[in-house]
Number of protein chains: 2
Amino acid sequence: MKELFQPNKDQLNLTTILCALGDPIRLNIVKQLSDMGEITCSGVGSVLPRPALSHHFKVLRESGIIHVRIEGKQRFLSIRYNDLEKRFPGLLETILKCV
Amino acid sequence: MKELFQPNKDQLNLTTILCALGDPIRLNIVKQLSDMGEITCSGVGSVLPRPALSHHFKVLRESGIIHVRIEGKQRFLSIRYNDLEKRFPGLLETILKCV
DNA sequence: TCAATAGTTCAACAACTATTGAACTATTTG
DNA sequence: CAAATAGTTCAATAGTTGTTGAACTATTGA
């Protein structure tokens, strides 16, 4: 069970987050997570091959936008709403409304 | 008096805008513009050499975040508040509050 | 234990981004 | 017209990002 780097909530950085969301594929992933709650990696709808998606998951995780919960052979992705909201109130909600 | 490309308000693209703001230098420029209204290029506080700043101005202008008004030998930069607000309500305000 | 499943990591590569000094354009002022 | 000013464009370069197939790791189930 490997450790995954995920910044804690006071390490969240605004430009890092905006940069992570400034990509159509990642913004779409976040939108899906926002609509559907937790999703497994393969549950994310995209035509991209796995490694490319894996790359985007990593960017989202390391920016602090998503949390990854490992359960068995699956990884469940979800948005870190509470942490984001505390650090950057209204940010994610406002951005997602614009999608 | 050369024409400058600036997208019109229905061409504004969310990921393009987030990407433009997902850079500390550009976010800082936008913050200054938000605090001080119109500023000339050389009025923007930064240690970067001119061509580097010029590059960032271009990214901000082409993403539709700023407007450039040429007057004499100076260029006045300002945020396109109305256009941004119409297309992406609350977006810029929320982001700038997070800075 | 072996095969299947879920996902990551690796290596290679192309495309893009940021930075720099030098050269350029346009405008104003003497 | 020449010099100064404000800013951009160019060319070179270094570094980053995104994509891909192949190889890998970890877990589950037969």
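Remember, predicted model here, so these are calculated numbers, not experimental data. Note on naming: letters A, B, ... go to the chains in the order of the sequence lines (proteins, then strands), and numbering restarts at 1 for each one.
The same ILVMFWY cluster, assembled from side-chain heavy atoms under 4.5 Å apart, contains both A/Val99 and A/Leu33. Under the 4.5 Å side-chain contact rule for hydrophobic residues, A/Leu21 and B/Leu92 share a cluster. Note on B/Val44: it clusters hydrophobically with B/Ile65, by side-chain heavy-atom contacts below 4.5 Å among ILVMFWY residues.
For B/Phe57 and D/dG7, the CZ to P distance is 8 Å, given to the nearest whole Å. One can place CD of B/Glu62 at 12 Å from P of D/dT8, the figure rounded to the nearest angstrom. For the pair A/His56 NE2 and C/dG7 P, the interatomic distance rounds to 16 Å; values are reported in whole Å. Note: CG (B/Leu4) to P (D/dT8) measures 8 Å, nearest angstrom. When rounded to the nearest whole Å, the span between CG of A/Leu21 and C1' of D/dT17 equals 16 Å. Separating the CD1 atom of B/Ile25 from the C1' atom of C/dT19 is a distance of 9 Å, rounded to the nearest angstrom. A straight line from CZ of A/Arg69 to P of C/dG7 spans 12 Å, rounded to a whole angstrom. To the nearest angstrom, C1' of C/dG7 lies 13 Å from CD1 of A/Ile66.
At least one donor-acceptor pair closer than 3.5 Å links the side chain of B/Gln11 to the backbone N or O of B/Asn8. Of the possible polar contacts, one joining the A/Arg61 side chain to the A/Phe5 backbone as a donor-acceptor pair under 3.5 Å is found. The main-chain N or O of A/Gly90 is found under 3.5 Å from a side-chain atom of A/Glu85 such that the two form a donor-acceptor pair. Distance alone, capped at 3.5 Å, is enough to place a donor-acceptor pair between the A/Gln6 side chain and the A/Val68 backbone. Looking only at distances, no side-chain donor or acceptor of A/Ser54 sits under 3.5 Å from a matching main-chain atom of A/Arg50. Counting only distance, with no hydrogens or angles, the side chain of B/Ser34 and the backbone of B/Val30 share no donor-acceptor pair below 3.5 Å.
Looking at heavy-atom distances under 4.0 Å, A/Leu53 makes no contact with the nucleic acid at all.
Checked against salt bridge (Lys or Arg N to Asp or Glu O under 4.0 Å), A/Arg69 has the following partners two or more places apart in sequence or in another chain: A/Glu38, A/Glu71. With sequence neighbours excluded, the residues that form a side chain to side chain donor-acceptor pair (under 3.5 Å) with B/Gln32 are B/Asn28.
Side-chain contact of B/His67 with B/Arg80: a donor-acceptor pair under 3.5 Å is absent, judged by distance alone.
Stems are defined here as 3 or more consecutive Watson-Crick or G-U wobble pairs with pairing distances under 3.5 Å; those involving DNA chain D are C:1-30 with D:1-30.
No more than 12 heavy atoms of other residues, nucleotides or ligands sit less than 6.0 Å from atom NZ of A/Lys9.
Nearest nucleotide to the side chain of A/Ser54, out of D/dT19, D/dG18, C/dT8: C/dT8. Picking from C/dT19, D/dA6, C/dA6 the nucleotide with the shortest atom distance to the side chain of B/Gln74 gives D/dA6.
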Just the atom pairs and distances: protein N or O near nucleotides 28-30 of chain D's N or O, under 3.5 Å.
none

### Query
Using a cut-off of 4.0 Å between protein heavy atoms and nucleotide atoms, how would you tag nucleotides 10-17 of chain C 5' to 3' with B, S and -?
--------
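Using a 4.5 Å heavy-atom cutoff, the side chains of A/Phe57 and A/Ile29 are in contact.
Near DNA chain D, meaning a heavy atom under 4.0 Å from it, residues 40-50 of chain A has A/Leu48, A/Pro49 in order of number.
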